[in-house]
Participant: 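Here's a structure for you.
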Amino acid sequence: MYVKSNKIKPFSKKIYLASPTMHGEELKYMSSAYQTNWMSTVGENINEVEKISAKKSGMKYAVALCNCTSALHLCVKLAGEKLYGRPKVYKGALSGKRVFCSDMTFAATLNPVVYEGGIPVFIETDEKTWNMDPKALEKAFKIYPDVKLVVLAELYGFPGRTDEIKKICAKHNALLIEDSAEALGATIDNKECGSFGDYSAISFNGNKIITGSSGGCLLTNDIADADKARKWSTQSRENAPWDQHEEIGYNDRMSNVIAGVVRGQYPHLKEHIKQKKAIYERYKKGLKDLPVKMNPITDGTNPNYWLSALIIDKKAMCKQVRDNLKASYVSEKGKSCPTEILDAIFSLNAEGRPIWKPMHMQPTYKSHDCIGVKGSIRVSGAKDVGADIFERGLCLPSDNKMTSAEQEKIIEVIKRCFD
Ligand SMILES: *Cc1c(COP(=O)(O)O)cnc(C)c1O
């Protein structure tokens, strides 16, 4: 039961983790879809979103889809068919093949591997970057030399060295899928996230840095692959007088109305990043005397600062117990834990969130291997980095409409957790 800071008056209007921020242009483009009657999955807004997304990422082609999960699915399918050919009786493009995947991420990064019959093998998180550990990936290629595909996510808009991961993939003749759902606008050595993968995906989900309410894009430099993805996303119709199907199809295309929202949001991406950066820096300054650290910024990268997060020093952790569905803790003087801080934030009518629970800890994936620097983490007895960050870390309210006065109150309530 949360007790430490009950005295602060809650916000009358809820402060979200990250919510949509509209500017007006979105409505103009949505209306133009309505007025011209392109209320469909065809139209000018879609064409523009593809053009802008390709240009922004520095990839040659973008395919606008109904969400990023679908984009990742089609990335996986393209990679699978490129690597292993198309099965005669379709059981998925990765039927029975292992794929190396980020471990500490949202499940949508790698669920599509399973949609295509593949078997995720998780790669441990690097303590210093909170992203996929390149050394663990090298180790994984030693243990599973046949693997030809890697799926990597850039966590919370704070990328690690995706370029280094790409080099390791190249050395082992493996393809890279880059899940930049959270990292649109972030860069590594001034090169855009979304441009490192053989196939990449970005998201316009309602809580991302810009949004269409939903939506996503697949990015690639190969026009044949872009055309294939576009065809698959519109039920795989052949150029024939009737519905002729040589391939399995999907209904994954972006709506022209939604594309209008995305089109109106893109000009505000920079401004959103600036606001998110200010939020991160205010937390960093406000929490500097507490036994906590903010989520790391990797050398050479510019994050988009989508979600601010913190991690509590080990010695300042109170007792916290989590089973599969519930959390509890024992409040202690001078110490705290993510569950207590999340409760404190909630008591203010604001919203935080635990760190993504690592995939190797999820019941769905509990029998899948997870490789750390020393080998399989289940048998090596080495420290489990993902479990540790999950245990001690949390995401802070990062809404770009939050005022600095509101944020100061959130900082105050976090401070009181350590009283
Ligand atoms: C949001 C998110 C997705 C899924 O995006 P949708 O557009 O909601 O399908 C995939 N991967 C990561 C890392 C995400 O954060």
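For ligands, and for the atoms within them, numbers begin at 1 and follow the listed sequence. Any value given below was found using the heavy atoms of this structure, including those in side chains, with hydrogens, waters and symmetry copies removed.
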Participant: Within 45 degrees of the axis of the six-membered ring of Y329 and under 6.0 Å from its centre: does K319 put its NZ or CZ there?
Facilitator: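 Judged by the rule, K319 and Y329 form no cation-pi pair.
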Participant: Only counting residues at least two apart or in another chain, list the ones meeting salt bridge (Lys or Arg N to Asp or Glu O under 4.0 Å) with K51.
Facilitator: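 So K51 forms a salt bridge (Lys or Arg N to Asp or Glu O under 4.0 Å) with E48.
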Participant: What is the ring orientation for Y156 with W130, classed by angle as parallel under 30°, tilted 30 to 60°, or perpendicular over 60°?
Facilitator: perpendicular
Participant: Decide, yes or no, whether a salt bridge links K231 with E238 under the criterion of side-chain N to carboxylate O below 4.0 Å.
Facilitator: yes
Participant: Residues in side-chain contact (heavy atoms from CB on, under 4.5 Å) with Q275, at least two apart?
Facilitator: E271, H272, N400
Participant: Let me check something: any side-chain donor-acceptor pairs from residues 141-150 under 3.5 Å, sequence neighbours excluded? List them with distances.
Facilitator:
unit_1, atom_1, unit_2, atom_2, d
Y144, OH, D369, OD2, 2.6
K148, NZ, H172, O, 3.4

Participant: Using a 3.5 Å cut-off on N/O to N/O, what pairs does ligand 1 make with the protein? A line per pair would be great.
Facilitator:
unit_1, atom_1, unit_2, atom_2, d
ligand 1, 5 (O), S203, OG, 3.4
ligand 1, 7 (O), C68, N, 2.9
ligand 1, 7 (O), S203, OG, 2.8
ligand 1, 8 (O), N205, ND2, 2.9
ligand 1, 9 (O), C68, N, 3.3
ligand 1, 9 (O), T69, N, 2.9
ligand 1, 9 (O), T69, OG1, 2.6
ligand 1, 11 (N), D179, OD1, 3.4
ligand 1, 11 (N), D179, OD2, 2.7
ligand 1, 15 (O), E182, OE2, 2.6
ligand 1, 15 (O), K208, NZ, 3.3

